[in-house]
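Have a look at the structure below, then the notes.
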Amino acid sequence: MIKNSKKLSSNDGLIIPKHIGVIMDGNGRWAKKRLLPRKFGHREGAKTFKKIALAGKAMGVEFMTFYAFSTENWKRPKDEVDAIMKLFEDYLDDVSSFEKENIRLIFIGDRSALSENLQKKMKHAEEISKDFDSMTVILAVNYGGQSEICRSVREIARKVKNNELQADDIDERLIEENLDTKEIPPVDLIIRPSGEMRLSNFLIWQSAYAEYYFTDILWPDFKEKDLADAIKSFSERSRRFGGV
Ligand code: IPE
Ligand code: IPE
Ligand code: MG
């Protein structure tokens, strides 16, 4: 069910996407270029995340989803995974910067594989920010689009088994209502820095009609101006959603 809105808000003549997804890629290469361990790139990338979320808010973006850790990223060396998890914890100890900005924080992804401590902090951050309404920031942690769709379908299958639903009731709306993103509109624009031109399992359902913006800049080097460039490019696209 494609419900991206053609009527998006505008700012200085630009059409502002309601929901932007960002694949925060290139941290490792950024560190390598400086002969630093990869974890330094992740630390720098976390700073960029805050900066770009605030820039999105200033431009009037309502929802921004940041891909922070994929279901495939467990394949990395343990010390790198541990360093990334530690960064999440540190970040969640310091959500006050988002609190001040009245930004709501939501997490998507399969939390069950994360440490209990991290899960507790995520829940807490969601609870304290649930009424903040200047913008919604969604962090995708242990997120994979395929895993998300499987979890949705599993939930629906349970209901069919319990006779709460019939197989013929299954439609796009029902699948969407059981995704992690159930309260979030479809993504309008996906930005991927670092030169890679793929989705890597990010929002595969929600991006059915998304626009894409690729740039060679590595995520830690990504600036407010780069976000503005992506939005400008989005503004110039003609979105037809299958119509004419
Ligand atoms: C993205 O940067 C961060 C995560 C996937 C956690 P990378 O670590 O993938 O950086 P590159 O792609 O190796 O440069
Ligand atoms: C995608 O980046 C995941 C995140 C940015 C969290 P990857 O670096 O894991 O993607 P691939 O392996 O290049 O496809
Ligand atoms: Mg990468």
Side-chain angles (χ1 to χ4, degrees), residues 19-53 55-56 63-92 105-115 118-119 121-122 125 136-151 179-181 184 187 189-207 210-223 226-227 230:
H19 182 182
I20 298 183
V22 183
I23 302 175
M24 302 191 284
D25 198 16
N27 295 347
R29 279 164 283 171
W30 183 93
K32 193 172 174 209
K33 259 173 60 181
R34 287 161 180 78
L35 306 176
L36 293 167
R38 294 176 59 86
K39 67 178 177 190
F40 285 85
H42 296 310
R43 199 172 66 185
E44 217 47 42
K47 292 185 200 159
T48 304
F49 153 67
K50 278 194 196 172
K51 187 172 73 190
I52 298 305
F63 296 86
M64 280 184 99
T65 301
F66 292 88
Y67 202 8
F69 191 86
S70 76
T71 46
E72 286 69 41
N73 287 147
W74 298 105
K75 292 178 196 157
R76 297 188 177 204
K78 185 175 180 302
D79 64 334
E80 181 173 347
V81 171
D82 289 348
I84 295 171
M85 295 299 158
K86 169 87 174 44
L87 271 172
F88 290 145
E89 295 226 6
D90 293 349
Y91 165 71
L92 287 172
L105 196 59
I106 293 179
F107 295 90
I108 57 170
D110 182 357
R111 300 182 196 196
S112 63
L114 305 174
S115 77
L118 192 53
Q119 290 186 47
K121 287 182 184 178
M122 289 159 86
T136 301
V137 165
I138 301 116
L139 256 185
V141 180
N142 193 27
Y143 176 86
Q146 293 180 339
S147 144
E148 181 191 34
I149 294 168
C150 287
R151 284 184 285 113
L179 293 174
D180 298 344
T181 52
I184 302 159
V187 62
L189 169 66
I190 292 190
I191 301 174
R192 184 165 192 160
S194 91
E196 313 297 353
M197 292 188 238
R198 52 179 173 261
L199 270 184
S200 302
N201 208 2
F202 183 51
L203 299 179
I204 55 175
W205 175 283
Q206 300 83 347
S207 63
E211 300 293 326
Y212 294 86
Y213 183 83
F214 299 106
T215 163
D216 288 340
I217 298 163
L218 302 173
W219 176 246
D221 290 328
F222 197 90
K223 302 278 185 301
D226 302 309
L227 178 68

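Indexing begins at 1, ligand by ligand and atom by atom, following the structure's order.
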Heavy atoms of other groups near Lys51 NZ, more than 12 under 6.0 Å: yes
2.8 Å cut-off (strict), protein N, O or S atoms about the Mg ion (ligand 3): 1
All side chain to side chain contact (heavy atoms under 4.5 Å, CB included) counterparts of Phe40, not counting sequence neighbours: Leu36, Pro37, Arg43
Exceeds 12 heavy-atom contacts within 6.0 angstrom, atom CD of Gln146: no
Where at least one partner belongs to residues 76-85, residue pairs that pass salt bridge (charged side-chain N to carboxylate O under 4.0 Å, His left out), sequence neighbours excluded: Arg38-Glu80, Arg76-Glu80, Lys78-Asp82
Any side-chain donor near an acceptor of the partner, Asn27 and Glu44, under 3.5 Å: no
Under 3.5 Å side-chain donor-acceptor pair for Arg192 and Ser200: yes
Heavy-atom gap His42 to ligand 1 smaller than 4.0 Å: yes
Heavy-atom pair of closest approach, residues Ala125 and Phe107: CB-CE1, 4.4 Å
Tabulating one pair per line, provide the atom names and distances (0.1 Å) for every N/O atom of ligand 2 that is less than 3.5 Å from a protein N/O atom.
from	atom 1	to	atom 2	distance (Å)
ligand 2	8 (O)	Asp25	OD1	3.2
ligand 2	8 (O)	Arg76	NH2	3.3
ligand 2	9 (O)	Asn73	ND2	2.9
ligand 2	9 (O)	Arg76	NH2	3.4
ligand 2	10 (O)	Arg192	NH2	3.3
ligand 2	10 (O)	Ser200	OG	3.4
ligand 2	13 (O)	Arg198	NH2	2.8
ligand 2	14 (O)	Arg198	NE	2.8
ligand 2	14 (O)	Ser200	OG	2.6

Within 6.0 angstrom of Lys121 NZ, more than 12 heavy atoms from elsewhere: yes
Mutual orientation of the aromatic rings belonging to Tyr67 and Phe202 [parallel < 30°, tilted 30-60°, perpendicular > 60°]: parallel
Side-chain H-bond candidate by donor/acceptor type, Gln206 with Glu148, under 3.5 Å: yes
